[in-house]
Amino acid sequence: GQQLNQSPQSMFIQEGEDVSMNCTSSSIFNTWLWYKQDPGEGPVLLIALYKAGELTSNGRLTAQFGTTRKDSFLNISASIPSDVGIYFCAAGTYKYIFGTGTRLKVLA
Amino acid sequence: EADIYQTPRYLVIGTGKKITLECSQTMGHDKMYWYQQDPGMELHLIHYSYGVNSTEKGDLSSESTVSRIRTEHFPLTLESARPSHTSQYLCASSETPPGTGVYEQYFGPGTRLTVT
């Protein structure tokens with residue numbers, strides 16, 4: 001079946017550093033979504049991407065919808081301790097499949 | 001955005017019991033979903049609904065069942081709980097921002113189910 005490969009699986013960074021993560025697939029998708037999930041909570045939608053090549057920002061977060069429609073990238077600038085959590089990509093149209101997650105830990 | 005409510009937040013129950021996990025949303029979204037997630041792992045779609053009286057099974061096989069009698073309510077039922085059902089269950093609904101043709105999916109806080 002369809003699968004999203006998300007990398008890195010986990011990362012430790014220093015506060016203030018920039019973070020990059022990506023999601024790739026062998027299938028073409030019309031929409032990419034990026035979520036953050038804190039322990040014991042539901043995922044929170046960060047950014048939605050609608051068009052191939054689109055670059056969208058939400059505060060310190062920037063995400064891009066790959067031109068091939070098979071990948072997406074999320075960047076976090078100047079990380080802070082509250083950025084800790086698991087970041088998931090999701091791709092689809094009205095139904096979504098989810099990536100395996102990137103676990104982010106920020107060292108103060 | 002959407003206000004999505006799930007109850008209970010935590011449930012510990014014995015094997016063989018029947019349980020219903022509640023999910024409600026107040027935004028009138030047509031599409032609703034149930035996902036199953038083991039701690040820290042990816043989400044797997046187990047059920048979805050396009051609207052009232054419309055339900056479909058998701059990509060991950062599940063022994064649970066769902067119903068959609070009202071737009072705002074999408075409960076999930078397990079007739080006989082087993083330890084293998086221990087997991088987090090997340091409910092979501094989606095809306096299409098005007099002019100996008102895209103479905104943005106919003107999640108509730110989840111129900112952590114433990115079957116002993």
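Numbers restart at 1 for each chain; the letters A, B, ... are given by sequence-line order, proteins then strands. In this text the structure is predicted, and so the values were computed from the model without any measurement.
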Asker: Quick check on Thr31(A) against chain B: is it the side chain, the backbone, both or neither that has a heavy atom closer than 4.5 Å?
Answerer: side chain
Asker: Please tell me if the side chains of Tyr50(A) and Glu104(B) come closer than 4.5 Å, counting only heavy atoms from C-beta onward.
Answerer: yes
Asker: Tell me whether Tyr35(B) is reachable from Tyr89(B) by hopping between hydrophobic residues (I, L, V, M, F, W, Y) whose side-chain heavy atoms are closer than 4.5 Å.
Answerer: no
Asker: To check you understand the geometry: which heavy-atom pair defines the closest contact between Leu90(B) and Gly42(A), and what is its length?
Answerer: CD2-CA, 3.7 Å
Asker: Relative to chain B, which of Gly101(A), Ala90(A), Gly40(A), Pro39(A) shows the most heavy atom pairs under 4.5 Å?
Answerer: Gly40(A)
Asker: Can you measure from CD1 (Ile86(A)) to CD (Glu42(B)) and round to the nearest 0.5 angstrom?
Answerer: 11.5 Å
Asker: Could you pull out the closest heavy-atom pair between Gln105(B) and Leu33(A), with the gap in Å?
Answerer: N-CD1, 4.1 Å
Asker: Flag yes if Phe107(B) and Val66(B) sit in one hydrophobic cluster, no otherwise; membership is Ile, Leu, Val, Met, Phe, Trp, Tyr, and two members link when side-chain heavy atoms are under 4.5 Å apart.
Answerer: no
Asker: Applying a strict under-4.5 Å side-chain criterion to I, L, V, M, F, W and Y, I'd like to know whether Phe29(A) and Trp34(A) cluster together.
Answerer: yes
Asker: Answer yes or no: does atom NZ of Lys57(B) have more than 12 heavy-atom neighbours from other residues, nucleotides or ligands under 6.0 Å?
Answerer: yes
Asker: Would you please indicate yes or no on a ring centroid separation below 6.0 angstrom for Tyr96(A) and Tyr33(B)?
Answerer: no
Asker: Give the C-alpha distance, both sets of side-chain angles, the deciding distance and a yes or no for side-chain contact (heavy atoms from CB on, under 4.5 Å) between Arg9(B) and Glu41(A).
Answerer: CA-CA 10 Å; Arg9(B) 290 295 311 276; Glu41(A) 300 294 329; 3.8 Å; yes
Asker: Over all heavy atoms of both residues, which pair between Pro43(A) and Leu43(B) is shortest? Give the atoms and the distance, please.
Answerer: CG-CD2, 4.0 Å
Asker: Same cluster or not: are Met21(A) and Val84(A) linked, directly or through other Ile, Leu, Val, Met, Phe, Trp or Tyr residues, by side-chain heavy atoms under 4.5 angstrom apart?
Answerer: yes
Asker: Identify which part of Leu45(B) has an atom lying under 4.5 Å from any heavy atom of chain A, answering side chain, backbone, both or neither.
Answerer: side chain
Asker: If we count only N and O atoms by modelled type, under 3.5 Å, do the side chains of Gln37(B) and Gln37(A) hold a donor and an acceptor together?
Answerer: yes
Asker: Looking only at heavy atoms, what is the nearest atom pair of Tyr106(B) and Tyr35(A), with distance?
Answerer: N-OH, 4.5 Å
Asker: Is it the side chain or the backbone of Leu4(A) that comes within 4.5 Å of chain B heavy atoms, both, or neither?
Answerer: neither
Asker: Are Tyr10(B) and Leu78(B) linked, directly or through intermediate hydrophobic residues, by side-chain heavy-atom contacts shorter than 4.5 Å (ILVMFWY only)?
Answerer: no
